[in-house]
Enquirer: 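Okay, handing you the structure first.
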Amino acid sequence: MLRRVKNTLTDLSFLEELNQAQREAVESIEGPVLVIAGAGSGKTRTLVCRLAYLVYLGVPPENILLLTFTRRSAKEMIERAGTLLQKDCDRITGGTFHSLCHLMLRQYGHLLGYSSTFTLLDRGDVEDLLNLLKTSLGFSDNKKRFPKKQTLASIYSKMINKLISLEDLLSEEYPQFLEYLPMIERLFTEYQNYKREHQLMDYDDLLINWLEILKRYPQIRQEIGERFKFIMVDEYQDTNTLQGEIIRYMAESHRNVMVVGDDSQSIYGFRGANFRNILDFPKIFPDTKIIKLEQNYRSTQQILDLANITISNAKWKYKKNLFSLKREGEKPFLIRAFDDTEASRFIADKVLELRNKGLKLSQIAVLFRSAYHSYELEVELTKRGIPFVKYGGLKLLESAHIKDLVSFLRVLLNPHDYLSWNRILLLMENIGPRTAERVIGILKQEPLPFSLSKLKFTVNSREFQRFLELFLTIRPYEEAPSGILGQIWEFYEPIFQRIYYEEYHKRVKDIEGLFALSEKYLTLEEFLADLVLEPIELFEQENATFDEEPLVLSTIHSAKGLEWHTVFVISLIEGRFPSLHSLKNEEELEEERRLFYVAVTRAREQLYLVAPLMIYVPGEGKTFAKISRFIAEIPPNYYQELSSKKTSEPYKNTLTTSETSTSRSAFKVGDLVRHPHFGEGEVLEIIGEKIKVNFVSRGPTLLHLKYTYLELIS
DNA sequence: CCGTACAATGTTTTT
DNA sequence: CATTGTACGG
């Protein structure tokens, strides 16, 4: 059935680098395949090779669908496949489940009564809408214990993703709200109606609605089967029942589907992911070929040993037998710092020491359970001028000022998005909840160009009058997104200054970021959808001045699938990791354990486990912290304890040398210098504490004198 | 009816 | 400790 395409693509040498099991996975082209891949077993490489192999065999790239956990990783894999083949693979469809569903719904959503310009709601929008409905139903008056908007949003999403009834969910996880069951039920019904009536979809709707279409229309299943003849799904252990169903229907006609995952790395239970999905796959697709990748290429034996202890203590034992190439390395380190401040200092010292030894900063990562665990460290790194990026913190769209701007864009595209109308109306001078409500009432009866005079008459706000004029001049389908954004910004700036005058400069940087992003898009729809589907991380932009690739700080969830030379896992104390929230529930504790397993298996060579002795507790001051059970249960001979007080001598020397070198006289333009990592280069420029060196190996590079070890050669 | 000053309140992980 | 709700003055 598959014919080899002429002989232009002859180079299959990439297959030879695979081991037996990997190769089998790559070459099993037809029928359902389940790959159980342990941590570091070359899972990504296998997927990439299989993509390349399919294209090599003559499968048109547009007939291949690759579903991954982030759009970034899909893009990366497709690029890598292209490199292997030396052929463009861009036409492979790749992305997350949500982005695929979004794509499909823009095309087929009309079957459920959705126009192709429906608005996507992010978590914050969902909360706002639930809150709006809660108030309008009168549930917020005097009902002190009625759940608040965040909780409501969590309950709703869990209910949908786990496919369980509200009553079951409440009695299992939120017994304190059981008395409100009928009210919450009512609220959720209103919520669903509201979304439908106003062309809105939340994350869950993307899955539900696409699944609904697949279920209802056999001819579409057929059509989709023709379009995506080969389906691959990465990180299958983190899919939920809905996603499993979607795959079942999409692959129904040809059954060419490969899913890859590792049950011991399932860490998304909180959003309904069920690792049983992976075990049930052969039941949904009988005759599934099961392939296990058990050889670990990533980590040293010492790191693997520690990881294996963790997983062997798991309640549910996994049938896996990870073996490595017996690559010897250093035992993992355990550091008991006095408090978070000392831990941060230790890490900063160590990072600089490693960099002085020639390790790239981007080869080092600091991992933690919750985004806020790295606050102290961020302060320390900033103080020392160590560039870093943080993954898993606040997203661009989660900041109020960005949300404001986006709301303007949204109403241009979907005038029925009254949620966004509400937001922008409240921003304007002399408009409060009541006026906003009145305006929306008018808009609902008569959409904009018609209700213009009526609105001008009713609303006493100059700002609003100006906005109306602007609204009518913008052509959202014709102008470039960046141009539209520009016009909106011109209008919004004074409002912005008024509301956020305190952190004006900090926030303006995000706006600049949004502008830069908008320039990559041709249509406003795509731009807005992407902001929700692929939320942009909001990092400290101050580090952007460094040419060097930054150190990585990341939540463990966001570190999935990645690896580094050296990994620090911080905040290893009870209540933080495992998180306080999971302590009462055994299932969630098991998930925390898998999370710890994921964290330690990110490291290739060196692993540092860091736990403070004391932590600051709000009302109580400094108190003793209990070390994480995940550390306590590891026999001490699996790690070596290291004092956080003293760093190794050679490093101290370099610090003093470089500190003397901060004085302007140390280097001058034209000097020849040597850097431990970049090699030799010529000094181009000295700007305050920074120095620009033209390295033979990598061209002009800006370095911070205080923290760089430079040797004068000439 | 708007805007502001103050009190209360709980705190994970992501598409 | 930062966000969210409430009370009050303009």
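Below, each value reflects all heavy atoms present in this structure, side chains not excepted, and no hydrogens, waters or symmetry copies.
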Enquirer: Tell me, please, which residues at least two apart from A:Phe368 pass ring pair (Phe, Tyr, Trp, His ring centres under 6.0 Å).
Expert: none

Enquirer: With sequence neighbours left out, what residues match A:His581 under ring pair (Phe, Tyr, Trp, His ring centres under 6.0 Å)?
Expert: none

Enquirer: Residues in ring pair (Phe, Tyr, Trp, His ring centres under 6.0 Å) with A:Phe408, at least two apart?
Expert: A:Phe467, A:Phe491, A:Tyr492

Enquirer: Only counting residues at least two apart or in another chain, list the ones meeting salt bridge (charged side-chain N to carboxylate O under 4.0 Å, His left out) with A:Asp205.
Expert: A:Lys195

Enquirer: Between protein and nucleic acid, restricted to nucleotides 7-10 of chain C and to nitrogen or oxygen atoms under 3.5 Å apart, what atom pairs and distances do you find?
Expert:
none

Enquirer: Under the side chain to side chain donor-acceptor pair (under 3.5 Å) rule, collect the residues that match up with A:Lys148, sequence neighbours excluded.
Expert: none

Enquirer: Taking the same atom, C1', in B:dT12 and in C:dG5, what whole-Å distance lies between them?
Expert: 24 Å

Enquirer: Could you list the donor-acceptor pairs under 3.5 angstrom formed by side chains in residues 100-109 of chain A, with sequence neighbours left out?
Expert:
| unit_1 | atom_1 | unit_2 | atom_2 | d |
| --- | --- | --- | --- | --- |
| A:His102 | NE2 | A:Arg106 | NE | 2.9 |
| A:His102 | NE2 | A:Arg106 | NH2 | 3.0 |
| A:Arg106 | NH1 | A:Ser116 | O | 2.6 |
| A:Arg106 | NH1 | A:Phe118 | O | 3.0 |
| A:Arg106 | NH2 | A:Phe118 | O | 3.3 |
| A:Gln107 | OE1 | A:Arg227 | NH1 | 3.1 |
| A:Tyr108 | OH | A:Glu223 | OE2 | 2.8 |

Enquirer: Which residues satisfy the salt bridge (charged side-chain N to carboxylate O under 4.0 Å, His left out) test with A:Glu76, sequence neighbours excluded?
Expert: none

Enquirer: Take atom CD of A:Glu173 and atom P of B:dT12, then tell me their distance rounded to the nearest Å.
Expert: 14 Å

Enquirer: Starting at CD of A:Glu437 and ending at P of B:dC2, how long is that distance when rounded to a whole Å?
Expert: 10 Å

Enquirer: Please tabulate, for side-chain N and O atoms in residues 268-275 of chain A, each donor-acceptor pair with protein atoms closer than 3.5 Å (sequence neighbours left out).
Expert:
| unit_1 | atom_1 | unit_2 | atom_2 | d |
| --- | --- | --- | --- | --- |
| A:Tyr268 | OH | A:His557 | O | 3.4 |
| A:Asn274 | OD1 | A:Arg276 | N | 2.9 |

Enquirer: Not counting sequence neighbours, which residues clear ring pair (Phe, Tyr, Trp, His ring centres under 6.0 Å) with A:Tyr191? List them please.
Expert: A:Tyr156

Enquirer: Please write out each protein N/O paired with an N/O of nucleotides 2-5 of chain C under 3.5 Å, distance rounded to 0.1 Å.
Expert:
none

Enquirer: Please determine which of A:Ile570, A:Ile347, A:Leu381 meets the side chain to side chain contact (heavy atoms under 4.5 Å, CB included) test together with A:Leu553.
Expert: A:Leu381

Enquirer: Under 3.5 Å, which N/O atoms of the protein pair with N/O atoms of nucleotides 13-15 of chain B?
Expert:
| unit_1 | atom_1 | unit_2 | atom_2 | d |
| --- | --- | --- | --- | --- |
| B:dT13 | OP1 | A:Ala371 | N | 2.9 |
| B:dT13 | O4' | A:Arg369 | NH2 | 3.1 |
| B:dT13 | O2 | A:Arg369 | NH2 | 2.5 |
| B:dT14 | OP1 | A:Thr555 | OG1 | 3.1 |
| B:dT14 | OP1 | A:Ser558 | OG | 3.0 |
| B:dT14 | O2 | A:Arg271 | NH1 | 3.2 |
| B:dT15 | O4' | A:Arg271 | NH1 | 3.3 |
| B:dT15 | O3' | A:Thr96 | OG1 | 3.3 |
| B:dT15 | O2 | A:His98 | NE2 | 3.2 |

